[in-house]
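Just below is one structure, and these are the notes that go with it.
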Amino acid sequence: MRRINKIVGCAAAAFSVLLGAPLVSAAPAQALSCPYPYLCLYDPDSGNRVGQFQDVTSGWQYITEDDYLFKNTRNDDVVYFLTSGGDVFCIPPNQDGWTKGSVKALRISWESECNVS
């Protein structure tokens, strides 16, 4: 089991470097259920779902500022996150992970690829 966790951790770190996103791990959210076509947010301590979003918006949807596990079940849509420090990062379609650094807002976009400047 330790070897599997180490492999998952290395894969998550490599993914984080590729995206430039503040991800810690891609493993925790994979075991959590989220219906299609939603982005679900979970409390990282309890694993309880604390938010579920479906609508594509042109502006930010503000949420309680915190760290979250996330699961994006959308097949073609990216999700942008805004942190309390003003950083923006993006997750591609069908991506799971864990944010590090408080997230205060999100935006689901019709884009199929991340475009963070």
*Interatomic spacing from SG in Cys40 to OH in Tyr68 - rounded to 0.5 Å*: 13.0 Å
_For the CD atom of Gln54 and the CD1 atom of Ile108, what is their distance to the nearest 0.5 Å?_
8.0 Å
*Quick one: pull up CG in Asp67 and CG in Leu41 and give me the separation to the nearest 0.5 Å.*
11.5 Å
*asked:* Can you tell me how far apart SG (Cys90) and CD (Glu113) are? Round to the nearest 0.5 Å.
replied: 10.0 Å
*asked:* Testing Thr99, Val103, Leu106 one by one against Phe70 for a side-chain contact (heavy atoms from CB on, under 4.5 Å), which residue passes?
replied: Thr99
_Heavy-atom closest pair, residues Arg49 and Cys34_ = NH2-CA, 4.0 Å
*Working to the nearest 0.5 Å, report the span between SG of Cys114 and OH of Tyr80.*
5.5 Å
_Count I, L, V, M, F, W, Y as connected when their side-chain heavy atoms are under 4.5 Å apart, and connections chain through other members. Are Tyr38 and Phe81 then in the same cluster?_
no
_Spacing of Lys71 atom NZ and Gln52 atom CD [to the nearest 0.5 Å]_ = 13.0 Å
*With Asn94, which of Thr73, Asn72, Asn75 fulfils side-chain hydrogen bond (donor to acceptor under 3.5 Å, both in side chains)?*
Asn75
Only pairs under 3.5 Å count here: list side-chain donor-acceptor contacts from residues 55-64, not counting sequence neighbours, and write none if there are none.
residue: Thr57; atom: OG1; partner: Gly59; partner atom: O; Å: 2.8

*Do Tyr36 and Leu39 share a hydrophobic cluster (ILVMFWY, side-chain heavy atoms under 4.5 Å, transitive)?*
no
*Which atom names give the shortest non-hydrogen contact between Val78 and Pro93, and what distance separates them?*
CG1-CD, 3.9 Å
